[in-house]
2 protein chains.
Amino acid sequence: MEESPSRGEQTRKAILQAAHDLFVQQGYHGTSMRQIAQRAGIALGGLYNHFASKEDVFQAVFFTYHPYHEVLPMITESQGNTLDEVVQDAARRMLEVVEGRPDFLNLMFIEVVEFKSAHAQQLMVDLLPRGVGILQHISRVGEGQMRPIPPHIVVRSFLGLFLSYYITDLVFAQASPPEFRQNAMQYFVDIYLHGLLKDPAALPDSK
Amino acid sequence: MEESPSRGEQTRKAILQAAHDLFVQQGYHGTSMRQIAQRAGIALGGLYNHFASKEDVFQAVFFTYHPYHEVLPMITESQGNTLDEVVQDAARRMLEVVEGRPDFLNLMFIEVVEFKSAHAQQLMVDLLPRGVGILQHISRVGEGQMRPIPPHIVVRSFLGLFLSYYITDLVFAQASPPEFRQNAMQYFVDIYLHGLLKDPAALPDSK
DNA sequence: CCTACCGATCGGTAGG
DNA sequence: CCTACCGATCGGTAGG
């Protein structure tokens, strides 16, 4: 049965939530321990009963709120009878997760810029076991339907599909006419599955 | 003929270079005006003869060193007889530009996180004229070779190809065996051009 | 372009 | 978990 969290654990969670919200909005060095304490509803000194330093707070936020918690299930839980359907389903989930969250990847950006990816190695160690499962999942789902492409490239390119849609949406959303955004994801998935080019066999000879 | 830059212009350039190097390594709020002054070889007070504020320095760095200065020529100057060859050539240029520069996109990340994309609109205004040229370029190069995909999606997905390769390389480079990185770009381009799936016409009926 | 300075705020801690 | 405090550093400026 569920343990009700102790007072201390509740406070710790409030600190993490407050710190996360401020970090993704202002960056690490742009956020002060006083701001975190205020938003968490405690005094500055109280922070240090839960975390040894500001960097320690970031580390806990980074592992607790890292996007992989939402992105990996998106990949492994997608359903469908063909690979085409599975990717479509994953793309739909992707849009749901990301809808109205323009700061979804900010924690990653902060880690890359302000921490020079200092925590990336630990993250990879945590994810390795899952990685194996994902590779097997891909092999099973895509069997016989894919062109000969190594499974790790399939994983990486699917994550890339996600990143490329999300980031270009950030860039183009501001300045493009709305009709440019409509169905953009459909086109991205279509290119990913079937390619940009016409089938060469279908091309008329040009000479 | 070339004007030799005045003393003041030389100092200004030294400040921008110093500020750029520090910003991409430490972020905006992680970099102090004193650090910038020291690296540029002047005293703190001297900075304010060239820039009104720290934010003013960042703005100038952002527009002077934005990756589009290198990415857009990569697209428009790529050569080849077929669209396949043009994309291959663009990918090759992409690797050249990015080789050994893991902080190539950091300015963009800083702008997104620490400035909430405050300068993005101005950037788009600056790029609009070029955008039209790129759309025409794509239409010309890809005529008759592409499946029916709107030109703006082609531009966006190609930028996405670049982003997806670059960022997943940042992530996977640390933890993956070296053979996983070999030829990864070739696979990315291959998927982009021809898709992940086998041609359905080539599939044996499964029932 | 430098020296010397301003008030404000930073991360962190002692003591209770 | 709070109050009150520490030394250090911040962005910026006056005056020359």
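Values below: every heavy atom of this structure, side chains too, minus hydrogens, waters and symmetry copies. If you're wondering where the values come from, they're calculated on a predicted model, not measured in any experiment. Proteins get letters first, then strands, A, B, ... in listed order; numbering begins at 1 in each.
In this structure, A:Gln38 places its CD atom where only 12 or fewer heavy-atom neighbours from other residues, nucleotides or ligands lie under 6.0 Å away. Counted within 6.0 Å of CD on B:Glu85, heavy atoms from surrounding residues, nucleotides or ligands total more than 12; the atom is thus considered enclosed.
Between A:Ser32 and C:dC10, a side-chain N or O to OP1/OP2 separation shorter than 4.0 Å is present. Side-chain nitrogen and oxygen atoms of B:Ser53 include none within less than 4.0 Å of the OP1 or OP2 phosphate oxygen of D:dG11. A sub-4.0 Å separation between OP1 or OP2 of C:dT13 and a side-chain N or O of A:Tyr48 is absent.
A:Phe115 has its ring centre less than 6.0 Å from the ring centre of A:Phe58.
Both distances falling under 3.5 Å, in either a Watson-Crick or a G-U wobble arrangement, place C:dA14 opposite D:dT3.
The distance between atom CZ of B:Arg7 and atom P of C:dC1, rounded to the nearest whole Å, is 8 Å. To the nearest angstrom, C1' of C:dC1 lies 16 Å from CZ of B:Arg12. For B:Gln38 and D:dC10, the CD to P distance is 11 Å, given to the nearest whole Å. Atoms CZ (A:Arg34) and P (C:dA8) sit 14 Å apart, rounded to a whole Å. Counting to the nearest Å, the P atom of C:dT9 and the CD atom of A:Gln35 are 11 Å from each other. D:dC10 atom P lies 13 Å from atom NE2 of B:His29, rounded to whole Å. Here the C1' atom of nucleotide D:dC1 and the CD1 atom of A:Ile15 are 10 Å apart, to the nearest Å. At whole-Å resolution of the value, CE in B:Met33 and P in C:dC2 are 14 Å apart.
Within the nucleic acid shown, A:Leu47 has no heavy atom closer than 4.0 Å to any nucleic acid atom. Within the 4.0 angstrom heavy-atom criterion, only backbone atoms of the sugar-phosphate kind lie near A:His50; the bases stay farther away.
Side chain of A:His50 to backbone of A:Leu47: no donor-acceptor contact under 3.5 angstrom is found.
Nearest to the side chain of A:Asn49, among C:dC1, D:dC1, D:dG12, sits D:dC1. When the nucleotides C:dG11, D:dG11, D:dC2 are ranked by their closest atom to the side chain of B:Lys54, D:dG11 comes out on top. Considering only the side chain of B:Leu44, D:dG12 comes nearest among C:dG12, D:dC2, D:dG12.
With respect to the salt-bridge test (charged N to carboxylate O, under 4.0 angstrom), the residues B:Glu9 and B:Lys13 do not qualify.
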